[in-house]
Amino acid sequence: MYKSPRGTSDILPDDQIYWRILNKNIEKISSEFGYGRIDTPIIEDAKLFVRGIGKLTDIVEKETYTFKDRGDNLLTLRPEGTAPICRAYLQHGMQNSTQPIRLFYMLPNFRYERPQSGRYRQHHQFGAENIGESDPNIDCEIIEYAWRFLKNVGLSKLNLEINSIGDKQCRPKYITTLKEYYNSYTNDLCEDCIRRLENNTLRLLDCKKTECKKIISKAPNNLDYLCDECKQHWELLLLYLSDIKLPYIINRRLVRGFDYYTRTVFEITPKTIGSTTAIAGGGRYDGLIEELGGPETPGIGFGIGMERVILELKNQSIPIPKNNNNKILIANLGLKSKHTAISIASFLRKNGITTILGPSSKNLRRQLKYASSIGSTHVIIIGDDEIQKNKLIIKNLSSGTQDSIPNKPNDLVKMLSNN
RNA sequence: GUGAGUGUGGCCAAGUAGGUUAAGGCGCCAGGUUGUGGCCCUGGAGAUCAAGGGUUCGAAUCCCUUCACUCACCCCA
């Protein structure tokens with residue numbers, strides 16, 4: 001039997017309510033913050049991500065779905081949202097409009113990795129990018145935007161962790177200092193950290209092994225190595241976050257996997273015990289547009305994993321509003337009544353009422369049973385007696401009461417309308 | 001890519017010192033009620049026990065291989 005490919009899943013009707021809630025909140029909050037929606041293709045030129053995310057990052061090295069099309073073009077299934085949006089920014093000449101540009105998206109991403117809890121080969125991210133402005137109030141805006149979205153969909157018990165990893169001036173100096181520090185501890189490091197020392201130095205700070213944690217605690221503090229501009233930017237951001245009373249945790253070990261990040265990086269994680277994975281992450285990428293061939297342009301954005309948000313909504317047992325609208329089943333008995341049933345169903349639907357025709361091969365008892373099992377609120381019963389008298393029986397399934405009424409579709413609509 | 005755990009009808013599962021027809025529950029279908037649901041009762045359908053190979057008179061059960069799923073690591077939303 002065929003199965004959905006590893007790390008992908010079907011979103012069945014019962015789960016769609018979560019996606020409706022998320023989509024509704026995405027539109028609402030994005031409009032409140034003044035961001036415009038952008039949809040980019042699922043495929044992009046493979047080079048976009050090599051240049052954008054970084055050749056040596058794990059995502060590009062081993063996690064992209066990359067293939068040649070029939071025209072020999074090397075294409076990649078989008079693994080993240082920021083690089084394509086920067087591409088679109090340049091392609092459509094947005095640098096010529098008034099800056100900054102505010103964009104948001106809600107799109108599937110693809111990464112070839114081993115699936116586990118909250119990690120899939122196809123996952124959806126809601127993200128936003130603010131391009132063309134470096135003032136720290138924009139950093140504050142982006143963080144508030146992500147934070148408020150998560151609050152709005154109903155999540156609580158969240159931590160906001162922030163850090164600054166410097167810019168192209170001060171970051172290399174810090175990395176050199178860090179390398180020098182670590183070089184005297186190479187015998188005490190775990191295997192992964194030995195590798196990190198070479199190709200992902202900042203990540204050394206993020207190791208969870210106890211032996212490495214000791215070394216981390218005495219490592220030089222990145223915040224002490226920020227250049228004056230970065231330091232001022234960082235301190236202003238903290239003030240702005242205080243202005244809007246957004247509680248943050250400074251985590252100097254917070255570093256992120258993409259090469260393009262500069263200055264501000266942040267993550268939002270649930271406080272739930274055991275779950276350390278971020279449901280939202282983002283940061284500033286002041287060098288990215290230039291790296292992609294554009295002018296020197298600052299930018300900052302976030303990505304929120306929708307599947308992780310839904311997991312957390314379920315974890316926190318957030319109540320999901322139910323649809324209380326009336327749902328009608330028309331039970332019909334015999335061929336003659338079927339004609340009437342079909343036309344009444346059609347009429348009710350045209351008037352916005354959810355209507356399902358009962359399985360006419362079954363007797364009345366089975367049709368009522370069916371109505372109960374699918375959650376109908378009312379059943380309209382049409383049999384030979386009703387046809388003869390030009391009447392209908394309408395039965396309320398929650399109270400169990402029923403009435404015989406004249407067959408007047410307009411009256412039915414009045415009775416069954418939800419408002 | 002590395003490590004651990006788990007695979008028995010659509011779903012949840014019992015059964016593993018090998019032994020005749022592989023429990024049970026949910027769900028599904030039908031009857032009890034030929035025109036009245038939810039509860040109840042009765043019956044029915046549905047399983048090459050993940051797949052392949054091996055050991056054995058005999059394998060869901062023991063051995064080997066493969067695959068899938070889950071969790072963790074790397075990394076990430």
So, does A:R6 get its side chain near the phosphate of B:C67, meaning an N or O under 4.0 Å from OP1 or OP2? no
Taking atom types as they are modelled, is there a donor-acceptor pair under 3.5 Å from the base of B:G1 to the side chain of A:E63? no
I need the single residue from A:I405, A:D411, A:I387 that forms a side-chain contact (heavy atoms from CB on, under 4.5 Å) with A:L392. Which is it? A:I405
Presence of salt bridge, A:E80 and A:R111, under 4.0 angstrom: no
Looking across every strand, which nucleic acid part, if any, lies under 4.0 Å from A:G127 by heavy atom: base, sugar-phosphate, or nothing? nothing
Given the C1' atoms of B:C69 and B:C26, what is the spacing between them in whole Å? 22 Å
With rounding to whole Å, what would you report as the distance between B:C41 and B:A4 at their C1' atoms? 48 Å
Check the chi torsion on B:A30 and let me know: syn if it falls within 90° of 0, anti if not. anti
In whole angstrom, give the distance that lies between atom CD of A:E386 and atom P of B:G35. 12 Å
Establish, with yes or no, whether the OP1 or OP2 oxygen of B:A77 is under 4.0 angstrom from a side-chain nitrogen or oxygen of A:R256. yes
Under a 3.5 Å cut-off for both contacts, is B:U61 paired Watson-Crick or G-U wobble with anything, and if yes, with which nucleotide? none
Side chain A:R366 and base B:G31 donor-acceptor under 3.5 Å: yes
Please give the distance between the C1' atoms of B:G7 and B:A60 as a whole number of Å. 11 Å
Considering only B:G37, B:C71, B:A77, which nucleotide approaches the side chain of A:S117 most closely? B:C71
Tell which nucleotide pairs with B:G7, taking only Watson-Crick or G-U wobble pairs whose two distances are both under 3.5 angstrom. B:C67
Over how many whole Å does the gap from A:K3 atom NZ to B:G7 atom C1' extend? 10 Å
Salt bridge between A:D15 and A:K314, side-chain N to carboxylate O under 4.0 Å? yes
Rounded to whole angstrom, note down the C1' distance from B:G38 over to B:U20. 43 Å
With no angle test and no hydrogens, is the base of B:G38 tied to the side chain of A:S372 by a donor-acceptor pair under 3.5 Å? no
In whole angstrom, give me the gap between the C1' atoms of B:C39 and B:U33. 14 Å
B:U33 base to A:R365 side chain: any donor-acceptor pair below 3.5 Å? yes
Does A:K369 have a side-chain nitrogen or oxygen under 4.0 Å from the phosphate oxygens OP1 or OP2 of B:G38? yes
Would you measure the distance from the C1' atom in B:G19 across to the matching atom in B:G24 and give it in whole Å? 22 Å
Given the options A:L254, A:N222, A:V255, A:L202 meets side-chain contact (heavy atoms from CB on, under 4.5 Å) only with A:V255
Between A:Y225 and A:Y174 (judged by ring centroids, cut-off 6.0 Å), do the two rings come close enough to count as a pair? yes
Any donor-acceptor pair, under 3.5 Å, between the side chain of A:E113 and the base of B:A77, if you only look at N and O atoms? yes
Rounded to whole Å, CG of A:N363 lies from C1' of B:G37 at a distance of 11 Å
Whole-angstrom distance between B:G53 and B:A45, as gauged at atom C1': 33 Å
If I take atom CG in residue A:L311 and atom C1' in nucleotide B:U70, what distance separates them, rounded to the nearest angstrom? 13 Å
So, is A:Q367 near the phosphate of B:U36, with a side-chain N or O under 4.0 Å from OP1 or OP2? no
Taking A:D286's backbone N and O only, do any of them form a donor-acceptor pair with A:K168's side chain (distance below 3.5 Å, no angle check)? no
Donor-acceptor pair, A:N363 side chain versus A:R366 backbone, under 3.5 Å? yes
Both distances below 3.5 Å, Watson-Crick or wobble geometry, any strand: find the nucleotide opposite B:U56. none
Separation of the C1' atoms in B:U56 and B:C11, to the nearest angstrom: 35 Å
Salt bridge A:R308-A:E312, side-chain N to carboxylate O under 4.0 Å: no
Name the orientation class of the two ring planes belonging to A:F33 and A:Y145 (parallel below 30°, tilted from 30 to 60°, perpendicular beyond 60°). parallel
At under 4.0 Å, does any side-chain N or O of A:K362 touch on OP1 or OP2 of B:C29? yes
Between A:R114 and B:C73, does any side-chain N or O lie under 4.0 Å from OP1 or OP2? no
What is the nucleic acid contact for A:R196, judged by heavy atoms within less than 4.0 Å: base, sugar-phosphate only, or nothing? sugar-phosphate
Counting heavy atoms from C-beta on, name the nucleotide in B:U36, B:G35, B:C71 closest to the side chain of A:D384. B:G35
Base, sugar-phosphate or nothing for A:D385? Non-hydrogen atoms, less than 4.0 Å. base
From CZ of A:F110 across to P of B:C75 the rounded distance in Å is 24 Å
Taking pairing as Watson-Crick or G-U wobble with both contacts under 3.5 Å, can you name the mate of B:G43, or confirm there isn't one? B:C29
Base, sugar-phosphate or nothing for A:L397? Non-hydrogen atoms, less than 4.0 Å. base
If we call it a pair only when both distances are under 3.5 Å in a Watson-Crick or G-U wobble match, what pairs with B:A72? B:U2
Rounded distance in Å - CD1 (A:I330) to C1' (B:G37): 17 Å
From C-beta outward on A:K395, which listed nucleotide comes closest to its side chain: B:C73, B:U36, B:A72? B:U36
OP1, OP2 of B:A72 versus side-chain N and O of A:Q116: anything below 4.0 Å? yes
Nucleotide B:A77, atom P - distance to CD1 of A:I26 in whole Å: 16 Å
Interatomic distance, A:L333 CG vs B:U36 C1' [rounded to whole Å]: 10 Å
